[in-house]
Amino acid sequence: MFRKILWPTAAALAVIAVAVFAVLWLNRGASTPPEEQSGTQLVEMLPAESRPDAGLPAQEEVVSGPETEEAYEFLLVNNNNYVAVYQLPENEIYEYTDVILDVLPQELAQEIRQGKYLRNEEELYNFLENYTS
């Protein structure tokens with residue numbers, strides 16, 4: 001009687017163990033622990049009422065730029081005295097940065113307050129590389 005129960009139970013446990021292992025294997029690296037995440041990723045995890053973009057105007061109000069707007073991919077804007085990056089033409093937030101406007105050169109800070117357009121990812125990453133810690 002014991003052998004009749006042992007083999008099916010052992011087989012079921014083996015299948016479950018293989019399934020759990022497969023799920024863990026497939027999801028490896030899909031999530032970064034909070035201590036390893038950058039500041040911008042942590043901002044996205046905050047509750048809506050405490051997020052830096054809570055006071056931003058509606059998305060359609062943010063972008064009103066140059067005549068050749070389609071030539072630009074990104075827009076840098078002031079977000080509670082931090083620089084936020086919007087992706088064009090969707091006007092969706094692309095990234096919250098930890099770049100503080102007050103530590104930027106005065107001309108650049110003023111450009112960002114008015115909305116600074118960037119043509120491509122290369123310009124964006126050059127900006128971020130130069131002004132993030």
Side-chain angles (χ1 to χ4, degrees):
M1 176 79 172
F2 179 70
R3 288 186 178 183
K4 288 182 180 180
I5 295 172
L6 179 63
W7 290 111
T9 304
L13 288 174
V15 168
I16 291 171
V18 168
V20 168
F21 180 75
V23 167
L24 293 175
W25 181 261
L26 292 174
N27 286 333
R28 72 183 186 285
S31 177
T32 307
E35 60 273 2
E36 295 177 15
Q37 293 179 344
S38 70
T40 57
Q41 291 170 323
L42 291 174
V43 167
E44 293 170 359
M45 293 171 46
L46 292 174
E49 61 274 0
S50 64
R51 286 181 57 166
D53 64 337
L56 277 181
Q59 296 271 339
E60 56 272 358
E61 298 175 29
V62 172
V63 178
S64 59
E67 310 78 47
T68 60
E69 187 175 300
E70 56 274 347
Y72 295 94
E73 287 187 45
F74 300 99
L75 173 65
L76 303 179
V77 297
N78 178 11
N79 180 15
N80 295 330
N81 210 32
Y82 286 88
V83 177
V85 182
Y86 279 84
Q87 186 170 19
L88 302 174
E90 297 88 10
N91 297 338
E92 294 178 355
I93 192 72
Y94 181 76
E95 183 174 2
Y96 299 99
T97 71
D98 53 0
V99 178
I100 302 171
L101 280 176
D102 294 340
V103 299
L104 295 175
Q106 190 171 11
E107 286 181 17
L108 180 59
Q110 187 59 32
E111 279 184 70
I112 292 171
R113 285 185 180 97
Q114 295 173 355
K116 177 171 178 58
Y117 288 85
L118 301 175
R119 295 191 188 284
N120 52 39
E121 281 187 352
E122 183 179 348
E123 285 185 9
L124 173 62
Y125 291 123
N126 284 338
F127 170 82
L128 293 174
E129 186 177 287
N130 288 328
Y131 295 105
T132 56
S133 52

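Side-chain atoms of Val85 and Phe127, non-hydrogen and from C-beta on, never get closer than 4.5 Å to each other. In this structure, Phe74 and Gln87 have side chains that are in contact, with non-hydrogen atoms separated by less than 4.5 Å. By the 4.5 Å heavy-atom criterion applied to side chains, Asn78 and Gln110 are not counted as neighbours. Between Tyr82 and Leu101 there is no side-chain heavy-atom pair separated by less than 4.5 Å. Looking only at side-chain heavy atoms (C-beta outward), Leu124 and Leu76 come within less than 4.5 Å of each other.
The two residues Tyr72 and Leu88 have their closest heavy-atom pair at O-CB, 3.8 Å. Across Lys116 and Glu111, no two heavy atoms sit closer than the pair NZ-OE1, 3.1 Å. The minimum heavy-atom distance linking Ala84 with Ile93 is given by the pair CB-CD1, 3.9 Å. Considering all non-hydrogen atoms of both residues, Leu104 and Leu108 come closest at CD2-CD2, 4.2 Å.
The line from OH of Tyr117 to CD1 of Ile112 is 13.5 Å long, rounded to the nearest 0.5 Å.
In this structure, the side chain of Asn120 engages the main chain of Glu123 through a donor-acceptor pair within 3.5 Å.
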